[in-house]
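The block underneath contains the structure these notes are about, expressed in structure tokens.
It should be emphasised that the depicted structure is a prediction, and the values quoted were computed from it without experimental measurement.
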Amino acid sequence: MASAGFFTCMLLALFIGIWPCHAQNVTLSVYYETLCPYCSDFIVNHLVKLFHSRLFSIVNLRLVPWGNAVLQSNGSFLCQHGPDECLLNTIEACTISVYPNEEQHLGFILCLERVASANELNEWINCFNTTGLATVPIDCYKSGYGNVLENQYAAETAQLDPPHKFVPWVLVDGQPLQEDFKNFVTYVCNAYKGEQVPEACHPLPLMNNSLKKATPSYPASLLSADTPYSITWLLIYGIHFSFSFSLL
């Protein structure tokens, strides 16, 4: 029979082997509200990329469903898009709490935001069946615990520094991406310092420190969200090549 010491050593080895990987993950935080069309678009059409090319393997995802809601003096919530949004913010908060696995609760939230985008709000409850999750978050909402969670999210959102200017408000390792939030994959990949680089990051230009020092700054207009992504990088590479050649 294997000794207790053997199992202790195995667990320690497993811990040592796994811990560095998680410690090097990039924290991606999204502050949003459920019925905001810009938030729904970001979650459904952009945040979904986390499921592609193992990107989830390097990300610690934090979803904070509060957004521009207001905590009133009587303790009730006033949401930008009405009472339905307050309800669904709380349902999503409960889902995140009941199902802390990031892929599970994001799957449910993706479903709900798709329903919201299609103006089929009455269908949101079917997202439990669609994603294979039990309806425990509804019990969480009815019990009042959802309000406790939302109060915590309200306090966290209020403490953002700098304060959020709009939603969705996206941060990578605590740094707000401002208007460039749709390009979060680039920021995540550049922030990741681990060795297990997912396929999603391979096409992206990851600059080392020496290259950063030799790279000139680019005009803000060149990097604007209105500039197509592929053209932007072609222009950047062209500028960088010309700059590098002048140094020879």
Side-chain angles (χ1 to χ4, degrees), residues 27-44 46-47 60-102 104-128 131 133-182 184:
T27 298
L28 175 64
S29 304
V30 182
Y31 294 81
Y32 70 104
E33 53 197 24
T34 52
L35 297 186
C36 161
Y38 303 104
C39 297
S40 295
D41 173 72
F42 174 69
I43 292 171
V44 171
H46 300 277
L47 196 61
N60 295 325
L61 177 64
R62 295 198 67 256
L63 295 172
V64 183
W66 177 258
N68 294 323
V70 176
L71 182 59
Q72 301 189 101
S73 58
N74 63 359
S76 63
F77 306 147
L78 181 64
C79 296
Q80 186 172 4
H81 299 92
D84 285 342
E85 182 169 75
C86 287
L87 163 66
L88 295 177
N89 282 350
T90 310
I91 289 291
E92 291 194 2
C94 283
T95 303
I96 294 167
S97 177
V98 173
Y99 297 104
N101 179 282
E102 296 163 7
Q104 280 188 316
H105 64 242
L106 178 57
F108 174 84
I109 290 169
L110 275 169
C111 177
L112 195 153
E113 295 301 330
R114 286 193 186 103
V115 167
S117 297
N119 293 318
E120 298 174 348
L121 277 186
N122 292 334
E123 302 297 320
W124 71 265
I125 197 168
N126 294 330
C127 288
F128 289 110
T131 56
L133 301 181
T135 58
V136 181
I138 296 179
D139 298 329
C140 163
Y141 169 78
K142 291 179 178 179
S143 72
Y145 184 63
N147 287 349
V148 174
L149 296 172
E150 281 293 273
N151 272 280
Q152 293 172 357
Y153 286 149
E156 180 180 341
T157 304
Q159 292 170 4
L160 283 170
D161 185 18
H164 76 285
K165 300 176 182 177
F166 50 81
V167 288
W169 189 250
V170 182
L171 288 75
V172 170
D173 280 347
Q175 298 300 312
L177 305 190
Q178 305 284 352
E179 288 82 0
D180 202 26
F181 61 90
K182 290 183 180 179
F184 75 94

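Looking at T157, its side chain does come within 3.5 Å of a backbone N or O of Y153 through a donor-acceptor pair. Within the 3.5 Å criterion, the main-chain N or O of A134 finds a donor-acceptor partner in the side chain of Y99.
A 4.5 Å side-chain heavy-atom check between V64 and S29 finds every atom pair outside the cut-off.
The OG1 atom of T95 sits 8.0 Å away from atom CG of L112, with the distance rounded to the nearest 0.5 Å. Summarising the geometry, atom OG1 belonging to T135 is positioned 9.5 Å from atom CD1 belonging to I91; distances are rounded to the nearest 0.5 Å. Atom CG of residue L121 and atom CG of residue N119 lie 7.0 Å apart, to the nearest 0.5 angstrom. Rounded to the nearest 0.5 angstrom, T131 OG1 and L106 CG are separated by 11.0 Å.
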Which pairs of donor and acceptor atoms, one on a side chain in residues 160-173, lie under 3.5 Å apart (sequence neighbours left out)?
from: H164; atom 1: NE2; to: N68; atom 2: OD1; distance (Å): 2.8
from: D173; atom 1: OD1; to: T27; atom 2: N; distance (Å): 2.9

Show which side-chain atoms of residues 138-145 pair as donor or acceptor with protein atoms under 3.5 Å away, not counting sequence neighbours.
from: S143; atom 1: OG; to: D139; atom 2: O; distance (Å): 3.4
from: S143; atom 1: OG; to: C140; atom 2: O; distance (Å): 2.8
from: S143; atom 1: OG; to: Y145; atom 2: N; distance (Å): 3.2

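E85 and L35 make their closest contact through OE2-N, 2.9 Å (heavy atoms, listed as atom of the first residue, atom of the second, distance). Annotation for S117 and V44: closest pair OG-CG2, 4.5 Å, computed over non-hydrogen atoms. Looking at every heavy atom in both residues, L63 comes nearest to P65 through O-CD, 3.5 Å. Counting all heavy atoms, side chain and backbone alike, L71 lies closest to G75 at CD1-O, 3.7 Å. Contact record, A116 with S40: CB-OG, 4.3 Å, taken as the closest heavy-atom pair. Listed here is the closest heavy atom pair of F42 and K182: CE1-CA, 4.3 Å.
Identified under the salt bridge (charged side-chain N to carboxylate O under 4.0 Å, His left out) test for residues 66-83, with sequence neighbours left out: none. Within the structure, the salt bridge (charged side-chain N to carboxylate O under 4.0 Å, His left out) test picks out no pair touching residues 87-99 (sequence neighbours left out). Evaluation of the salt bridge (charged side-chain N to carboxylate O under 4.0 Å, His left out) test over residues 61-81, restricted to residues two or more places apart or in two chains, returns R62-E156. Sorted by first and then second residue, the pairs that involve residues 65-94 and meet ring pair (Phe, Tyr, Trp, His ring centres under 6.0 Å), not counting sequence neighbours, are W66-F77. For the salt bridge (charged side-chain N to carboxylate O under 4.0 Å, His left out) condition, no pair includes a residue of residues 110-124, sequence neighbours left out.
In this structure, N122 places its CG atom where only 12 or fewer heavy-atom neighbours from other residues, nucleotides or ligands lie under 6.0 Å away.
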Worksheet item: Would I109 and L47 count as a side chain to side chain contact (heavy atoms under 4.5 Å, CB included) if you check the C-alpha gap in whole Å, the side-chain angles of each, and the deciding distance to 0.1 Å?
Response: CA-CA 11 Å; I109 290 169; L47 196 61; over 6 Å; no
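Scored by the side chain to side chain donor-acceptor pair (under 3.5 Å) test, N151 finds no partners at all (sequence neighbours excluded). Residues satisfying the side chain to side chain donor-acceptor pair (under 3.5 Å) criterion with S76, sequence neighbours excluded, are Q72, N74. For F108, the ring-ring contact (aromatic ring centres under 6.0 Å, His included) partners two or more places apart in sequence, or in a different chain, are F128. Applying the disulfide bond (SG atoms under 2.5 Å apart) rule to C86 yields the partners C79; only residues at least two apart in sequence or on another chain are considered. With sequence neighbours excluded, the residues that form a side chain to side chain donor-acceptor pair (under 3.5 Å) with T34 are N89.
Aromatic pair Y38/Y32: centroids not less than 6.0 angstrom apart.
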